[in-house]
Each structure stands twice: as structure tokens, then as C-alpha cells.
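Here the structure is a predicted model, which means the values were calculated and not measured. Excluded from the calculations below are hydrogen atoms, water molecules and symmetry mates; all remaining heavy atoms, backbone and side chain alike, are included.
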Amino acid sequence: MTQELVMYNRTMGCPLVSLSRRVLQEHNVIYRDIFIDKDPQAKERVLKWTGFLAVPTLVVVQAGEDVPGEEPEVLPQGASPRGIDRGLMITEPNEQQLIQWLQKHHIIG
């Protein structure tokens, strides 16, 4: 099956979402947005995955799906998910972390 990149974010701007969008655009990466402030189920997923309403949370999914095929590595209670490669998921990455994660998943060369 074909993989797809999904970015969980909010409709209101955020510096880390803007950074992720810029990196994805610079590398011509196609992705799909899911807005946690418009989709209650998405909001609950991000809260479960990260312990916060942390955006952007980027996930590699099977085409047409909204969640990765495997659960992300569990974070210690209250730990920040920021920039941690959790397999098919990364949350609030900086530019270098996002590029490395995209390369690891063969999304960019």
C-alpha cells in the first residue's frame, strides 16, 4: 500500500506549524492536514499520543488513513513530545529533526 503524510495542526497559526509547512514545501512533500480544532476525534488522538494538544504532530499512515499502523512509542507521563522521533510520528520538530525524520521514512532523499 502507498504511504501518506498527515499533519495534525490547528487552523490558527503556530510557528512550529509554519516551520513544518515551509520544510515540506521546500522538499515538495505532499501531505494532508487534519485540524484538531475542527475534528474532536483528531483532538483526542493528539492528546492521547502526546499528552498535550501538541501541533504539529506529523504521522506516516497508509493512504486514506488518519492514524499510523502501529502505536507510537509511549512517552513518560508529562514528558514533552517535542522533537522526539517516535517511529511513524514526530511532534513539534525543529527543521533538522523534521528533515532527518522525513529521510528516515524515505519521504525525501
Side-chain angles (χ1 to χ4, degrees):
M1 292 196 84
T2 305
Q3 293 187 334
E4 179 179 20
L5 182 64
V6 172
M7 180 164 42
Y8 285 81
N9 62 41
R10 290 187 192 95
T11 54
M12 189 191 300
C14 161
L16 291 172
V17 168
S18 296
L19 180 146
S20 292
R21 285 184 189 279
R22 179 181 54 77
V23 169
L24 295 172
Q25 183 178 18
E26 286 174 358
H27 292 276
N28 298 312
V29 175
I30 297 170
Y31 64 95
R32 181 166 45 95
D33 286 305
I34 296 179
F35 297 101
I36 67 171
D37 53 350
K38 290 186 170 186
D39 182 338
Q41 290 178 320
K43 181 178 180 179
E44 287 302 314
R45 281 194 290 271
V46 169
L47 187 58
K48 176 186 168 202
W49 289 333
T50 69
F52 305 92
L53 296 177
V55 295
T57 292
L58 296 109
V59 295
V60 177
V61 300
Q62 294 300 319
E65 297 291 326
D66 293 340
V67 298
E70 60 187 50
E71 284 293 316
E73 292 179 28
V74 176
L75 293 168
Q77 181 84 15
S80 172
R82 184 170 282 180
I84 298 174
D85 179 344
R86 298 175 63 204
L88 296 175
M89 176 182 297
I90 193 165
T91 299
E92 298 179 333
N94 64 32
E95 184 171 354
Q96 180 181 0
Q97 291 164 335
L98 179 54
I99 289 171
Q100 289 174 345
W101 184 81
L102 293 167
Q103 289 171 334
K104 172 185 161 185
H105 291 288
H106 308 288
I107 296 170
I108 63 174

Side chains of [X] and [Y] in contact at under 4.5 Å (non-hydrogen atoms):
X: Gln62; Y: Glu4; answer: no
X: Leu88; Y: Pro72; answer: no
X: Thr91; Y: Trp49; answer: no
X: Thr57; Y: Thr50; answer: yes
X: Ile36; Y: Asn9; answer: no
X: Val60; Y: Ile107; answer: yes
X: Tyr8; Y: Asp66; answer: yes
X: Ile99; Y: Ile108; answer: yes

Quick one: salt bridge (charged side-chain N to carboxylate O under 4.0 Å, His left out) partners of Glu65, sequence neighbours excluded?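 Result, salt bridge (charged side-chain N to carboxylate O under 4.0 Å, His left out) vs Glu65: none returned.
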Could you tell me which residues satisfy salt bridge (charged side-chain N to carboxylate O under 4.0 Å, His left out) with Arg82, sequence neighbours excluded, listed by chain and number?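 In terms of salt bridge (charged side-chain N to carboxylate O under 4.0 Å, His left out), with neighbours along the sequence ignored, Arg82 is linked to Glu92.
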If hydrophobic clusters are built from ILVMFWY residues whose side chains come within less than 4.5 Å, do Ile90 and Leu16 share one?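 No, no single cluster joins them.
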Hphob cluster co-occupancy, Leu47 + Phe35, side-chain heavy atoms under 4.5 angstrom: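 The answer is no; the residues belong to distinct hydrophobic clusters.
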Closer than 3.5 angstrom, by distance alone: can the side chain of Arg10 be matched with the main-chain N or O of Leu53 as a donor-acceptor pair?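 It does hold such a pair.
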Suppose we screen for ring pair (Phe, Tyr, Trp, His ring centres under 6.0 Å). Which residues come up paired with His105, at least two apart in sequence or across chains?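 In terms of ring pair (Phe, Tyr, Trp, His ring centres under 6.0 Å), with neighbours along the sequence ignored, His105 is linked to Trp101.
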Is Leu75 isolated, or which residues cluster with it under the ILVMFWY side-chain rule of less than 4.5 Å, directly or via members?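 In the cluster with Leu75 are Ile84.
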Pairwise salt bridge (charged side-chain N to carboxylate O under 4.0 Å, His left out) hits with a residue in residues 33-44, at least two apart: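 Sorted pair list: Arg21-Asp33.
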Count the heavy atoms of every other residue, nucleotide or ligand shown that sit under 6.0 Å from CD of Gln103, and state whether that count exceeds 12.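 Yes, because the 6.0 Å sphere around CD of Gln103 holds more than 12 heavy atoms from other groups.
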Show me the pairs that pass ring pair (Phe, Tyr, Trp, His ring centres under 6.0 Å) and involve residues 61-99, at least two apart or across chains.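 Qualifying pairs: none.
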